[in-house]
A.B. asks: 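Can you keep this structure in mind? I'll have questions shortly.
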There are 2 protein chains.
Amino acid sequence: MPDRATGGQALLFLTDEQLRRGIEAMFFAYRGFTADPDRILAERDLGRAHHRALHFVARSPGLTVGRLLLLLGVTKQSLNRVLRRLVQDGLVEAQVGREDRRERHLHLTEAGAALERALSDAQRERMRAAFRAAGPAAVQGFRQVLEAMMDPELRRLFEEERDRPAREGRTGR
Amino acid sequence: MPDRATGGQALLFLTDEQLRRGIEAMFFAYRGFTADPDRILAERDLGRAHHRALHFVARSPGLTVGRLLLLLGVTKQSLNRVLRRLVQDGLVEAQVGREDRRERHLHLTEAGAALERALSDAQRERMRAAFRAAGPAAVQGFRQVLEAMMDPELRRLFEEERDRPAREGRTGR
DNA sequence: TTGGAATGTCAACGAGGCTGACTTATCCTC
DNA sequence: GAGGATAAGTCAGCCTCGTTGACATTCCAA
């Protein structure tokens with residue numbers, strides 16, 4: 001419980017009405033957040049699911065299918081459909097692990113990297129505009145609230161991937 | 001207050017890496033944000049779409065289908081399926097408009113209000129915890145960034161619904 | 001008074017979640 | 001080196017919730 005120092009705001013920021021506003025802000029903002037990439041994806045007949053996979057593969061080249069599964073929080077059957085399409089379209093390559101040959105390490109191809117860049121440029125541009133409009137202090141608050149809103153295991157994954165040790169590199173080069 | 005003290009941060013908060021972190025935070029937080037209601041909905045074989053409709057009907061009793069369509073940003077055919085189910089389950093009532101008989105004005109029934117309350121309690125509880133953990137200043141920043149991230153028309157809707165004039169009341173009582 | 005605009009409904013399709021059952025390949029332990 | 005555990009992939013089938021297309025009803029303005 002916040003004490004007197006923070007005054008009126010401290011009393012207001014947890015009212016049901018304020019919380020409802022926060023909930024709706026989350027809903028509307030998420031729509032905006034996905035709108036730009038969705039347009040690009042539609043041109044190539046891909047969906048949001050493909051974007052998510054591309055994003056994480058781009059962020060962590062060489063990550064395994066199993067790890068991607070954890071990050072995305074879907075079933076392997078569901079991911080498999082997405083991944084198969086990405087490989088077919090020549091956007092992602094799956095390489096047999098060198099240490100553990102059961103694993104498949106995922107990398108973007110040139111084309112995959114290009115698409116991922118286009119998607120993430122669009123999304124970053126919107127995020128950048130929002131960050132710029134709101135200012136550094138607001139950005140700090142934004143992230144604090146979002147992190148507090150995650151499920152604990154997700155937060156762990158989120159933080160853990162920040163500065164991760166090198167993964168298995170490409171072999172076929 | 002951000003002055004010289006925040007120096008480095010001000011330079012950092014727009015780097016690609018920072019933006020990527022923001023993007024992922026958004027993704028993971030949205031998962032957390034919907035997790036609790038999803039569990040409750042699953043028990044009654046309802047989905048997220050039903051939750052969204054219930055939310056807006058609860059917030060603005062008597063709103064028309066057309067207006068709800070704007071808020072949700074889906075096709076009327078898609079909304080119709082959801083609404084039909086809600087009416088069948090006795091959670092929502094649709095009343096023919098008195099002034100314009102083409103319109104349908106939506107209200108929650110007792111049961112609908114109870115379910116909506118359960119859902120929104122769960123979601124508010126998580127939001128409250130996040131707000132409390134992050135503090136009032138962070139909440140302010142959180143909302144600033146989210147609002148800046150919305151599409152302009154959505155932001156207009158978001159702000160406009162804040163304090164709206166009375167809508168058509170229930171007739172069949 | 002009639003034709004266009006607004007509103008709402010029905011039907012059918014597709015993406016992408018899900019469960020369940022299973023195979024294959026590989027690893028690791030005893 | 002046999003046998004269980006683990007990583008990945010597959011097939012089948014289901015459900016939700018998006019989509020488009022066609023159509024009915026109601027209102028209002030020419």
Side-chain angles (χ1 to χ4, degrees), chain A residues 27 30-31 34-35 37-39 41-55 57 62-89 92-107 167-168, chain B residues 27 30-31 34-35 37-57 62-89 92-106 168:
Chain A
F27 169 65
Y30 199 80
R31 286 247 294 279
T34 54
D38 281 355
R39 272 187 286 274
L41 290 158
E43 293 168 15
R44 338 225 340 187
D45 271 301
L46 296 171
R48 227 173 263 181
H50 303 98
H51 181 192
R52 292 195 282 262
L54 286 175
H55 171 93
V57 174
L63 95 170
T64 62
V65 174
R67 180 140 193 97
L68 183 53
L69 235 29
L70 280 182
L71 288 165
L72 294 176
V74 299
T75 59
K76 67 177 171 177
Q77 293 91 328
S78 192
L79 175 58
N80 197 254
R81 193 197 301 119
V82 169
L83 233 34
R84 200 171 354 175
R85 171 72 190 278
L86 291 175
V87 170
Q88 268 174 15
D89 286 13
V92 164
E93 283 174 1
Q95 291 162 0
V96 171
R98 280 196 301 265
E99 317 227 317
D100 185 337
R101 296 175 42 80
R102 290 173 303 181
E103 295 178 338
R104 296 294 178 273
H105 296 264
L106 304 170
H107 296 271
R167 276 181 195 65
E168 190 147 340
Chain B
F27 170 64
Y30 200 79
R31 286 246 296 278
T34 53
D38 280 355
R39 272 188 286 273
I40 299 175
L41 289 158
E43 292 168 14
R44 338 222 342 184
D45 271 303
L46 296 171
R48 225 174 264 182
H50 303 99
H51 181 192
R52 293 196 281 262
L54 286 174
H55 171 94
F56 285 110
V57 174
L63 95 170
T64 62
V65 173
R67 178 137 196 99
L68 183 53
L69 236 28
L70 281 181
L71 290 165
L72 294 176
V74 298
T75 58
K76 63 183 172 171
Q77 294 89 330
S78 188
L79 174 57
N80 195 253
R81 192 199 304 114
V82 170
L83 235 33
R84 201 173 351 174
R85 171 73 191 278
L86 291 175
V87 170
Q88 268 174 14
D89 286 12
V92 165
E93 282 174 2
Q95 291 161 359
V96 172
R98 280 196 302 262
E99 316 226 317
D100 184 336
R101 296 174 42 80
R102 290 174 303 183
E103 295 177 339
R104 297 291 179 276
H105 295 265
L106 303 170
E168 189 147 341

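Protein chains get the first letters and strands the later ones, always in sequence-line order, with residue 1 at the start of each. Below, all heavy atoms of this structure are taken into account, side chains as well, without hydrogens, waters or symmetry copies.
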A.B. asks: May I have the distance from A/R101 (atom CZ) to C/dC28 (atom P), rounded to whole angstrom?
C.D. replies: 13 Å
A.B. asks: Check every atom of D/dG18, C/dG17, D/dG9 against the side chain of A/A49 and return the nucleotide holding the closest atom.
C.D. replies: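 Nearest listed nucleotide: C/dG17.
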A.B. asks: Measure NZ/A/K76 against C1'/C/dG16 and give the value in whole Å, please.
C.D. replies: 18 Å
A.B. asks: For A/V82, which of A/H50, A/R52, A/H51 qualifies under side-chain contact (heavy atoms from CB on, under 4.5 Å)?
C.D. replies: A/H50
A.B. asks: Does a distance-only test, which skips hydrogens and angles, find a donor-acceptor pair under 3.5 Å between the side chain of B/E103 and the base of C/dG8?
C.D. replies: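 Donor-acceptor pair under 3.5 Å: no.
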A.B. asks: What is the distance, rounded to the nearest whole Å, between atom CG of A/L46 and atom P of C/dG14?
C.D. replies: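 Atom CG in A/L46 sits about 17 Å away from atom P in C/dG14.
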A.B. asks: Indicate yes or no for a side-chain donor-acceptor contact from B/R104 to the backbone of B/E93 under 3.5 Å, with no hydrogens or angles considered.
C.D. replies: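 Side chain of B/R104 to backbone of B/E93: no pair is present.
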A.B. asks: Kindly say if B/T75 contacts the phosphate of D/dT19, meaning a side-chain N or O under 4.0 Å from OP1 or OP2.
C.D. replies: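 For D/dT19, OP1/OP2 do have a side-chain N/O of B/T75 under 4.0 Å.
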A.B. asks: Taking CZ from A/R104 and P from C/dT24, how many angstroms apart are they, rounded to a whole number?
C.D. replies: 15 Å
A.B. asks: How long is the line joining NE2 of A/H105 and C1' of C/dA25, in whole Å?
C.D. replies: 14 Å
A.B. asks: When rounded to the nearest 0.5 angstrom, what is the spacing between CZ in A/R85 and CG in A/D45?
C.D. replies: 6.0 Å
A.B. asks: Determine whether a donor-acceptor pair (one donor, one acceptor, N or O, separation below 3.5 Å) exists between the side chain of A/R102 and the base of D/dT6.
C.D. replies: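 A donor-acceptor contact between them is present.
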A.B. asks: Could you give the CG-to-C1' distance, from A/L69 to D/dA7, as a whole number of Å?
C.D. replies: 10 Å
A.B. asks: B/S78 has a side chain; which of C/dT26, D/dC17, D/dG9 sits nearest to it?
C.D. replies: D/dC17
A.B. asks: Is any side-chain nitrogen or oxygen of A/H50 closer than 4.0 Å to OP1 or OP2 of C/dA15?
C.D. replies: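 It does not, given that no N or O in the side chain of A/H50 lies less than 4.0 Å from OP1 or OP2 of C/dA15.
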A.B. asks: Is it the case that the base of C/dG20 and the side chain of A/Q77 share a donor-acceptor contact (distance under 3.5 Å, atom types as modelled)?
C.D. replies: yes
A.B. asks: To the nearest 0.5 Å, what is the distance between CG on A/L106 and CG on A/L68?
C.D. replies: 6.5 Å
A.B. asks: Looking only at side-chain N and O atoms, does A/R52 come under 4.0 Å of OP1 or OP2 in C/dG17?
C.D. replies: yes
A.B. asks: Quick one: does B/L71's side chain get under 4.5 Å of B/L63's, heavy atoms only?
C.D. replies: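 Sidechains of B/L63 and B/L71: in contact.
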A.B. asks: Using a 3.5 Å distance criterion without hydrogens, assess whether the side chain of B/R48 forms a donor-acceptor pair with backbone atoms of B/P37.
C.D. replies: no
A.B. asks: Under 6.0 Å between ring centres, would you say that holds for B/Y30 and A/F27?
C.D. replies: no
A.B. asks: Could you tell me the separation between the CG atom of B/L68 and the P atom of D/dC17, rounded to a whole number of Å?
C.D. replies: 14 Å
A.B. asks: Quick one, which residues of residues 79-87 of chain A touch DNA chain C with a heavy atom under 4.0 Å?
C.D. replies: A/R81
A.B. asks: Using a cut-off of 4.0 Å on non-hydrogen atoms, how would the nucleic acid contact of A/G73 be classed: base, sugar-phosphate, or nothing?
C.D. replies: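 It contacts sugar-phosphate atoms only.
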A.B. asks: Please report, rounded to the nearest Å, how far the C1' atom of D/dA8 is from the CZ atom of A/R67.
C.D. replies: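 About 17 Å, once rounded to whole Å.
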